Structures are given as C-alpha cells and as structure tokens.
Amino acid sequence: MWELAKEFLQFLRKEKKWWLAPLIFILLLLGALIVFTSGSVLAPLMYPFL
C-alpha cells in the first residue's frame, strides 16, 4: 500500500500534475465517509446528498 502511495507521489512530482492530489484526497475521504457511516444512524441522512 505504501509503495502505491510513494509511486503516486513520484508520478505527481515528475509529471507536475499537482491538481490530482486534492482530487484523490477528496475521493478517499468520501469513500471513507460512505464506508464508516453505512451502518450508523447517520446513513439515512447522508444518502440524499450523494
């Protein structure tokens, strides 16, 4: 897993595509939000916004 992150950062540095970093971070955050709230009482309130 860390090798993938390291390789991704090297790609960003080499290709100068720094705009991809916030996009990936937001996608990971949304994925974690969906996974961690799917079994909670917040799930019915969250799904209309997705």
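Residues take their numbers from the sequence shown, with the count starting at 1. Note that the structure is a prediction, hence the values are computed from the model and not measured.
When hydrophobic clusters are built by joining Ile, Leu, Val, Met, Phe, Trp and Tyr residues whose side-chain heavy atoms come closer than 4.5 Å, directly or via intermediates, F8 is grouped together with W19. Hydrophobic clustering (side-chain heavy atoms under 4.5 Å, transitive across Ile, Leu, Val, Met, Phe, Trp, Tyr) groups L9 together with L23.
If you take CZ on F25 and CG on L29, they are separated by 5.0 Å, rounding to the nearest 0.5 Å.
Judged as a side chain to side chain contact (heavy atoms under 4.5 Å, CB included), and not counting sequence neighbours, K14 has no contacts. For W18, the side chain to side chain contact (heavy atoms under 4.5 Å, CB included) criterion is met by L12, R13, not counting sequence neighbours. Every residue meeting the side chain to side chain contact (heavy atoms under 4.5 Å, CB included) condition with E15, not counting sequence neighbours, appears here in chain and number order: F11, K17.
Other residues, nucleotides and ligands place more than 12 heavy atoms under 6.0 Å from the CD atom of Q10.
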